[in-house]
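So the structure is just underneath, and the comments pick up after that.
As the structure is a prediction and not an experimental result, all values here were calculated from the model.
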Amino acid sequence: MAANVYASATDAGSGGEAAQTRSGTGVRTAGATIDCPDVAGRLTSVPERARPEVDKELALLDEQIAQAYQRLSTSAEQIRQDAGFADSAIVNPLKDKRAATIERIAIAIDRVADRPEGLEPLAACTVRDSGNQAPAPTASQGGDGQPGQGDDGQDQGNGQGQGDGQGQGGNGGQAGNGPVAADFADIKSARPDAGTPRQQGGASRGSFATDCGVNENGLFNSDNIIAAPGVTNGAHHFHDYVGNQANNAFASDQDLANAETSCDDPGDKSSYYWPVLRLQNGTQEQDAASPGGGIEGNAGEIVTPKRVTLTFVGNPRDKVTAMPRLLRIITGDAKSFVNGPANANASWSCTGFEDRQLKDKYPLCPRGSDVVRTFKFQSCWDGRNIDSANHRTHVAFADAAGTCPSGFRPIPQLVQRIVYDVDAPSLGDGGRTTPLFAVDSFPEQLHKPVTDHGDFINVFDEDLMREMVDCINEGRTCGAGAGAEPGGEEPQEQPTGTPQAPEQEPTRTPEAPQEQPTRTPDAPKDGDAGGKPGDAGAGAGKGQASKPPATGRPAPEPEPRDDATTTAPRTGEPEVYVTPSAERGTANAGGRGGSNGDTGEDTDGLGGSQAVGTATSAAPTPSVPSRTEPQAVGEGGLADTGAQLWPAAAGAVLVAAGFVVLRRARRG
């Protein structure tokens, strides 16, 4: 199997050259991945006293898979020469390691309860086709099936030649293990949703919104306090965190209770986190050489969300009850690419099209529309436990009519909506013109969109939780974030076939209800920069308004595209191009991104549990002046503005008088 996969992947090149080439992170492109049974999902009951040891062993299983995938992805030549190499050097040793780890899990449980049965067969893993290898090119096609895209006629595959300047093979992405063109779909190809269930007499119709910012202060790590407590790099991918600022694998319940919060309401110290979204544009982030980051295939520029809305809603049939303090919920499945879709809960869409949701594809949004990730969390609780062995069985989803399973009660449902200002990638050239984007993932999950997931720990003050429940049950709209209604953006879709002059580009309507000040971009004020911090020691953070073009081109205007096979990038908002050094250094100095070099440097090189930047809760509102509207300069104030307007007003009066004289003359 491995030999066949690698043969098809490496034969995809043209001119006698192998399509597989080493990326800048040391991960090789591959047409295969490691598929192992999920042991954690089978452990539905683990005694409390055994959980710390079991959690560490489960995290070790993830580490073993990551190492095996790394070995597989760098062994194309050996596998091509020896069909048995994958089994003898990768799969069989992995099985032996997993068998020993699973046995330790069984022993840990056996000390305090009945030994679990049926775990032994879960040790065996397989090498499976990833679906990422490039098809064999024809004489008139490049490696991704699009008409020849390479600059020199060479096959470019589905990948992207950024990072180290080399073309990637079938796997694409800056790190070589995804995403690929096949991971994207036009949002208009999704069918509109059937709608929400009809509310009945006892429904809880209210909503409660909390505003916790967009992680503009840059709090990232690759830990997972829910699934892998006490283990550094337990997630093997970076998370964005908002709300509680003590988020790392070693935070105790007391640490969470005592922590600072980025939420506007200090009574909400809850932890909200999700995998970061990255542009595959060659950027070397702070974790480029760290576990959980570039070492494990999570590469590229981390994109700070444009907006995050956190809304708790009611049940269409019944009143809701309060969530227990420290309740933990994971929605979605970070391993669903190999596990299957049973627990998957990814939803991808675009502003203006949110009645259409993609589950296993990243969306290609029309020009003027933003990418949206939506997580609807489980809304039924078993009434007893704040967590469970597999982090799933203590909570559940209501059915289509809103009914909770027997023995479960309705709780406020968290609806998490994350908006990104990213352009539809150029699939025809593998993201060279406009970069591909993808969420971080476990290495063997290949950044598939179906693996998207969200995590939540309830650290609401009990009084605020009661206020939330009362608000929802009484049908009111409450909370510090109640003014930020989701879905309020109106995309200004532009035709993709007719180029427009830059001066005729419309200004995109800002996302309500944010009212953005109009000022020149070279006079930043507190809150302008937003954005995440730059690389460690590399200067100030950057905002969304000044992100560099994907290819580093110096052109001051975005070029219109008429490629009928891809969605054109948005032009509703002017782009500001800066050199990478300016962007990382002074382009946004004084903004909220802060500097890793001062306070958040990754000093241990592990990328684990690093809180970068300074804590703040207000979301940034990047402002870029329109090319078609004059902007008032801050220093001059009204006096200078008036001085400039009087001559124009006088001219307008003279013109009007001229029209009157001309009209009278014509009548005479």
Side-chain angles (χ1 to χ4, degrees), residues 9 12 14 19 23 29 31 130-138 140-151 153-163 167-190 277-282 299-301 303 348-350 353 356 358-371 420-439 446-450 493-497 549-551 553 558-571:
S14 60
S23 72
T29 61
S130 69
N132 280 1
Q133 63 268 23
T138 65
S140 61
Q141 287 183 329
D144 61 355
Q146 303 291 346
Q149 301 291 341
D151 294 338
Q154 297 296 315
D155 170 40
Q156 301 301 323
N158 284 341
Q160 179 178 344
Q162 299 178 16
Q168 298 294 332
N171 269 45
Q174 179 179 338
N177 66 338
V180 296
D183 292 328
F184 294 82
D186 189 334
I187 188 59
K188 296 178 183 177
S189 68
L277 187 80
R278 298 189 195 240
L279 294 177
Q280 305 294 291
N281 60 2
E301 178 186 351
V303 182
W348 294 89
S349 190
C350 306
F353 298 86
R356 303 168 185 260
L358 296 167
K359 302 298 184 182
D360 59 355
K361 302 288 183 182
Y362 295 116
L364 296 172
C365 298
R367 187 179 302 178
S369 176
D370 293 325
V371 171
Y420 296 91
D421 181 11
V422 293
D423 294 324
S426 54
L427 302 185
D429 61 2
R432 289 177 182 271
T433 304
T434 306
L436 307 175
F437 60 83
V439 293
L446 308 181
H447 307 282
K448 296 298 182 183
V450 73
E493 185 178 352
Q494 301 295 327
T496 59
T551 58
R553 62 185 185 280
E559 298 181 3
R561 297 177 51 238
D562 55 3
D563 183 357
T565 64
T566 60
T567 302
R570 300 187 296 277
T571 58

Quiz item: Taking side chain as C-beta onward, heavy atoms only, is Val180 less than 4.5 Å from Lys448?
Solution: yes
Practice problem: Give a yes or no on whether the backbone of Ile187 and the side-chain of Arg356 come within a donor-acceptor separation of less than 3.5 Å. | Solution: no
Exercise. Answer yes or no: is there a donor N or O on one side and an acceptor on the other, between the side chain of Lys361 and the main chain of Ala182, under 3.5 Å?
Key: yes
Quiz prompt | Shortest non-hydrogen separation from Ser189 to Leu358 and the atoms involved | solution = OG-CD2, 4.5 Å
Self-check item: Side-chain donor/acceptor of Thr434 to backbone N/O of Ser426, under 3.5 Å
Solution: no
Quiz prompt | Test applied, side-chain contact (heavy atoms from CB on, under 4.5 Å); reference residue, Phe437; option that passes from Val303, Asp423, Val371 | solution = Val371
Quiz item: What's the shortest heavy-atom distance between Pro363 and Cys350, and which atoms?
Solution: CB-SG, 3.7 Å
Practice problem: Nearest 0.5 Å please: distance from the CG atom of Leu277 over to the CD atom of Glu301. | Solution: 10.0 Å
Quiz prompt | Side-chain touch Phe184/Leu436, heavy atoms, less than 4.5 angstrom | solution = yes
Quiz prompt | Side-chain touch Pro425/Leu364, heavy atoms, less than 4.5 angstrom | solution = yes
Quiz prompt | Any Trp348 side-chain heavy atom under 4.5 Å of Val439 side chain | solution = yes
